[in-house]
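Since the structure comes first, as structure tokens, the remarks are kept for the end.
Values in this document were obtained by computation on a predicted structure and should not be read as measured data. By convention in this document, chain letters (A, B, ...) are assigned in the order of the sequence lines, proteins followed by strands, and residues within each chain are numbered from 1.
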Amino acid sequence: MSANYTPAEMMTVAAARALTNDDVCFVGIGAPSAACNLARLTHAPDIVLIYESGTIETKPNILPLSIGDGELCETALVTVSVPEMFRYWLQGGRITTGFLGGAQIDKFANLNTTVVGPYEKPEVRLPGGGGAPEIATSCGQIFITMSHKKRAFVEKIDFVTSLGHGLGGDDRAKHGVTTKGPTKVLTDLCILEPDPKSKELTVVSLHPGVTREQVIESTGWPIKFSDKLAETPAPTAAELKVLRDIQARTKAAHGEAA
Amino acid sequence: MSANYTPAEMMTVAAARALTNDDVCFVGIGAPSAACNLARLTHAPDIVLIYESGTIETKPNILPLSIGDGELCETALVTVSVPEMFRYWLQGGRITTGFLGGAQIDKFANLNTTVVGPYEKPEVRLPGGGGAPEIATSCGQIFITMSHKKRAFVEKIDFVTSLGHGLGGDDRAKHGVTTKGPTKVLTDLCILEPDPKSKELTVVSLHPGVTREQVIESTGWPIKFSDKLAETPAPTAAELKVLRDIQARTKAAHGEAA
Amino acid sequence: MAAILSLAEAVEEHLRDGDIIAMEGFTHLIPFAAGHEIIRQGRKRLTLIRMTPDLIYDQMIGMGCGEKVVFSWGGNPGVGSLHRFRDAHENGWPNKISIEEHSHAAMANAFDAGAAGLPFAAFRGYRGAELKRVNPNIKEITCPFTGEKLAAVPAIKLDVAVVHAQKADRKGNVLFEGIVGVQKQAVLAAKRSIVTVEEVVDTLAPHSPNAVILPGWTVSAVVHVPGGAHPSYAHGYYKRDNAFYKKWDAISRDRDSFRAWIGEHVLRKGPDAFAVHAKKAA
Amino acid sequence: MAAILSLAEAVEEHLRDGDIIAMEGFTHLIPFAAGHEIIRQGRKRLTLIRMTPDLIYDQMIGMGCGEKVVFSWGGNPGVGSLHRFRDAHENGWPNKISIEEHSHAAMANAFDAGAAGLPFAAFRGYRGAELKRVNPNIKEITCPFTGEKLAAVPAIKLDVAVVHAQKADRKGNVLFEGIVGVQKQAVLAAKRSIVTVEEVVDTLAPHSPNAVILPGWTVSAVVHVPGGAHPSYAHGYYKRDNAFYKKWDAISRDRDSFRAWIGEHVLRKGPDAFAVHAKKAA
């Protein structure tokens with residue numbers, strides 16, 4: 001079918017819907033930023049957005065290209081130093097939901113943003129963990145947004161940048177971590193959630209027009225589907241308008257200094 | 001002789017003279033505060049005064065009654081949180097000279113501001129250490145100002161609130177402390193300095209009109225005098241005027257809210 | 001989001017007998033009005049944490065609210081002793097209180113560690129100091145890189161933090177200015193928090209992007225109590241009542257005169273009694 | 001008191017081959033003009049510490065200034081890779097560089113510990129993270145009170161900190177505003193420091209009593225370089241040049257186009273070239 005929206009838009013909308021008005025979010029750049037601000041501009045006006053640059057309760061009118069864009073500070077309630085952000089706010093346990101993504105994810109939602117190939121002699125050197133290792137363990141829960149591709153959804157990731165459910169089951173807790181970890185993975189094809197016991201990622205909802213075969217084809221391990229597999233409601237016109245408006249404002253703004 | 005100044009004024013003036021224009025001082029309430037501001041208003045205009053309440057480069061026009069008087073913040077370059085003050089500024093090793101005093105001092109300039117009598121069942125419960133334990137070890141050097149009385153200058157103090165030269169000699173260094181510790185004790189009778197080797201406090205200068213006998217009589221241990229015992233120059237008219245002016249302003253101000 | 005309550009409601013709802021509390025403010029912004037309300041509501045067996053117990057804890061201890069005091073400097077600044085604190089500690093009147101004594105550096109680090117969600121704080125402290133001998137909560141930790149030995153104290157973890165600030169907006173966002181002490185750390189180290197303020201305003205703006213602000217969602221209750229920090233002071237509002245600090249020495253020296261003062265100025269009064277001290281500075 | 005110098009003088013006097021340096025600024029206030037001066041003066045074998053190496057270190061590494069990079073996120077924000085950083089690390093061009101990789105939390109804590117004069121920082125981090133396996137500077141420490149195991153990293157101790165700020169007064173007191181990152185910590189963790197500023201003013205006032213200010217006596221040199229943070233930005237002065245960050249991807253992908261760009265915009269230019277970017281925001 002030919003939808004009036006892109007798979008990336010569907011992913012962003014699905015992530016936005018998963019957020020509530022009571023959430024305090026640690027937001028990353030890209031899809032998470034779009035999703036969090038879409039939520040803020042639609043059903044969750046009081047959601048608290050925090051960026052690792054130190055900006056607390058920021059309400060950007062355009063999406064930041066970098067984690068420290070001026071827009072984030074200018075629209076924040078307050079801006080604290082980066083040590084305070086990581087010590088008092090993230091480690092302090094004040095964040096309900098953190099967003100992560102990566103170049104590789106495995107069936108237990110462990111993420112790799114460090115290297116493809118061996119660490120000492122990488123095939124591809126990625127930017128690295130940034131805030132991810134502690135976001136992954138300090139936030140109440142983690143949402144992961146990624147484009148659903150076989151080379152990203154792999155049986156074994158080359159480097160564990162940030163802990164998901166480890167080896168599955170209660171392995172996460174064995175690392176001394178008491179937070180929930182990844183509770184949702186939102187892709188451009190579907191929504192996955194960890195199985196309550198095994199913690200293996202399971203497809204719980206397919207986006208409109210997406211087939212099981214597509215998901216199987218795009219996943220590097222034998223992917224499981226929920227018995228009560230749902231279809232993700234398509235983005236509403238209102239959701240698309242708000243998302244496209246902020247993206248248009250962003251495009252215009254980021255060109256300006258050229 | 002009947003001087004035109006009090007012994008307390010002589011002590012404050014002597015302490016002020018010991019400070020230089022390059023000093024960064026951690027200032028306590030009372031005589032230290034008077035001495036530091038007298039220095040600032042006379043020969044050391046650029047001296048940096050820091051109070052543990054977090055006020056940096058403060059230039060009070062009246063002497064604070066408390067360590068956190070508004071005057072200190074209003075006249076400071078900047079005011080930081082108390083954790084930052086103790087972590088970045090005191091522990092960070094940025095203070096050249098710290099001031100201390102106490103209810104009891106021994107011949108190695110260890111101080112007691114905690115209890116007279118046993119800690120568990122005190123005869124007199126004193127306020128306690130406050131900043132002293134870390135001021136004593138973190139500042140480049142320590143100046144001590146105290147009224148010279150036999151019950152204060154004792155053979156053995158009841159409680160070591162803050163480390164001076166410990167048991168003498170190189171005992172201070174044995175505690176893992178690399179700073180100089182007490183280099184001057186300024187009293188209302190004389191100026192004492194630790195012997196270079198034994199670190200025992202030795203009278204190096206008698207205030208005008210003060211006799212050795214008075215000092216011996218006012219000290220709870222057999223006090224030693226330097227071979228080159230000097231006489232402290234009397235306060236100048238200029239020094240007394242500046243000191244009395246700030247004290248008069250202080251008196252007026254502290255009555256005001258009555 | 002913080003609820004905007006009356007002082008009586010805030011203390012009733014958030015502060016219970018036996019709680020571990022800190023009522024902070026380093027000389028500046030000491031929440032006296034809240035202390036009086038706690039006395040009126042007769043809270044008991046509190047663990048009272050403050051770097052400088054000051055008159056606020058002297059009053060609460062004298063009225064039997066406390067069971068333990070954790071502190072680093074226990075005097076009446078520039079005046080002398082805290083007589084009620086000493087009477088309770090030395091003579092058990094009106095009840096015996098235990099003490100846990102630290103240095104300022106230790107407590108400042110312990111508040112910082114509490115706000116940071118850490119179990120302890122490490123710092124270069126207590127070297128050659130005898131408090132190590134009498135306080136079992138002072139331990140040693142070794143740097144895994146240099147081998148240097150540092151002092152360690154437990155992080156301060158609170159049931160309730162009570163502080164006073166200049167302003168809050170209607171969402172309960174709170175602005176502190178001037179000598180900010182450890183108030184922000186205390187609130188962030190607490191399960192619940194009560195913030196009394198001089199003013200409730202529509203917006204905290206304009207302010208520096210780096211101002212000392214606590215978001216409303218980190219605060220349990222905001223209470224409008226103009227003058228609520230008297231006899232301490234509120235930068236930009238009113239000065240410290242140094243004369244009262246001096247007067248307190250005589251009032252508190254004697255049990256009867258203390259009780260009489262509390263009866264007249266606390267038990268038979270309410271938070272409104274503080275309003276007289278709230279005159280905005282020019 | 002800080003000396004007010006030219007950029008060439010400041011770098012000549014304070015920054016030497018083989019120094020351990022941090023040029024900080026978290027997206028905001030990145031001291032690019034100082035980086036260009038270091039390239040012009042041909043400094044070598046530097047240990048380059050930055051949470052996000054960003055274009056500033058990509059340029060310096062590509063010109064052979066670096067020997068080691070300590071970092072936590074090594075990309076071109078919102079764009080992609082740092083090609084010069086990768087070329088040096090993966091192919092040894094123009095010289096081999098070693099890396100020490102951390103998380104943001106680890107580096108933020110290490111800067112904080114450096115400013116506090118501590119030998120290490122303890123934090124709840126790296127749990128289940130593989131960097132522990134490849135970075136020997138990540139160790140474990142046990143809380144002496146709870147037994148909880150925490151991560152420990154060495155404090156960051158610098159020969160030189162280089163940062164950019166909005167304003168300094170003639171005594172060299174420096175004001176930072178907006179996203180302040182770890183700049184204050186970097187300067188306080190360094191033996192020497194160079195601060196480039198948008199403006200040198202008679203007084204920093206009026207400002208909040210709690211503004212982010214470094215006293216002149218904590219700074220070695222202040223240099224007036226309007227626009228000196230471009231293509232990053234200066235809050236209140238000019239915006240981030242996002243378009244240049246995108247253009248850098250193509251410029252830096254190829255060794256020759258990189259060299260050509262450096263020749264034209266760095267080697268044959270001076271600090272004044274940045275002035276064009278300094279237009280005060282309305």
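D:His277 and D:Tyr237 share no side-chain donor-acceptor pair at under 3.5 Å. Looking only at atom types and distance, the side chain of A:Ser33 has a donor-acceptor partner in the side chain of A:Tyr51 under 3.5 Å away. There is no side-chain donor-acceptor pair under 3.5 Å between A:Thr202 and A:Asp195.
Using a 4.5 Å cut-off between heavy atoms, D:Arg124 contacts chain A through both its backbone and its side chain. Proximity to chain D (any heavy atom under 4.5 Å) is restricted, for A:Lys121, to the side chain, taken from C-beta onward. Contact of D:Leu82 with chain A is not made at all, since no heavy-atom distance falls under 4.5 Å. Heavy atoms of D:Gln185 lying under 4.5 Å from chain A belong exclusively to its side chain. Both the backbone and the side chain of D:Phe123 come within less than 4.5 Å of a heavy atom of chain A. For A:Val115, no part lies under 4.5 angstrom from a heavy atom of chain D. With a 4.5 angstrom heavy-atom cutoff, A:Gln91 touches chain D via backbone and side-chain atoms both. Heavy atoms of A:Glu84 lying under 4.5 Å from chain D are absent altogether. Only the side chain of D:Phe71 comes within less than 4.5 Å of a heavy atom of chain A; its backbone N, CA, C and O stay farther away. Contact of A:Arg87 with chain D is made through the side chain alone, with heavy-atom distances under 4.5 Å. Only the side chain of D:Met51 comes within contact range of chain A, with heavy atoms under 4.5 Å apart.
Between the side chain of A:Thr161 and the main chain of A:Thr113, a donor-acceptor pair closer than 3.5 Å is present. Checking side-chain atoms of D:Glu198 against main-chain N and O of D:Gly227 turns up a donor-acceptor pair under 3.5 Å. Of the possible polar contacts, none joining the D:Ser103 side chain to the A:Gly130 backbone as a donor-acceptor pair under 3.5 Å is found.
Highest contact tally toward chain D, considering only A:Ser162, A:Gly164, A:Pro83, A:Gly129, is held by A:Pro83 [criterion: heavy-atom pairs under 4.5 Å]. Looking only at heavy-atom pairs under 4.5 Å with chain A, the residue among D:Ala234, D:Gly181, D:Gly178, D:Pro231 that has the most is D:Gly181. Of the listed residues (A:Pro133, A:Gly54, A:Gly70, A:Ala136), the one with the most heavy-atom contacts under 4.5 Å to chain D is A:Gly70. If you tally non-hydrogen atom pairs under 4.5 Å between each of D:Ala129, D:Gly78, D:Ala105, D:Ser72 and chain A, the highest count goes to D:Ala105. In terms of heavy-atom pairs under 4.5 Å with chain D, the best-connected choice from A:Thr55, A:Leu72, A:Asp69, A:Thr114 is A:Asp69. Taking chain D as the reference chain and counting heavy-atom pairs below 4.5 Å, the highest number among A:Leu111, A:Val177, A:Val160, A:Asn110 is found for A:Val160. Note on D:Gly128, D:Ala151, D:Gly125, D:Pro77: by heavy-atom pairs under 4.5 Å with chain A, the leading option is D:Gly128. Heavy-atom pairs under 4.5 Å with chain D were tallied for A:Leu65, A:Ile29, A:Leu163; the largest tally goes to A:Leu65.
In this structure, CD1 on A:Ile135 lies 6.0 Å from CZ on A:Phe86, to the nearest 0.5 angstrom. Note that OG of D:Ser81 and CG of D:Asn76 are 8.5 Å apart. Values are rounded to the nearest 0.5 Å.
Residues D:Leu29 and D:Gln183 are in side-chain contact: their nearest non-hydrogen atoms beyond the backbone lie under 4.5 Å apart. For the pair D:His207 and D:Ile213, the minimum side-chain heavy-atom distance is below 4.5 Å.
Listed in order of number, the residues of residues 130-146 of chain D that approach chain A to under 4.5 Å between heavy atoms are D:Glu130, D:Leu131, D:Arg133, D:Val134.
A ring-centre distance under 6.0 Å is not found for D:Trp93 and D:Phe85. Checked against a 6.0 Å centroid threshold, the rings of D:Tyr233 and D:His28 count as neighbours.
Figure legend: cation-pi geometry between D:Arg84 and D:Phe258, with NZ or CZ positioned under 6.0 Å from the six-membered ring centre and within 45° of its axis.
Between A:Thr179 and A:Thr137, the shortest heavy-atom distance links the atoms OG1-O, 2.7 Å.
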Test side chain to side chain contact (heavy atoms under 4.5 Å, CB included) applied to A:Val78 and A:Glu57, step by step: CA-CA 7 Å; A:Val78 64; A:Glu57 261 188 78; over 6 Å; no
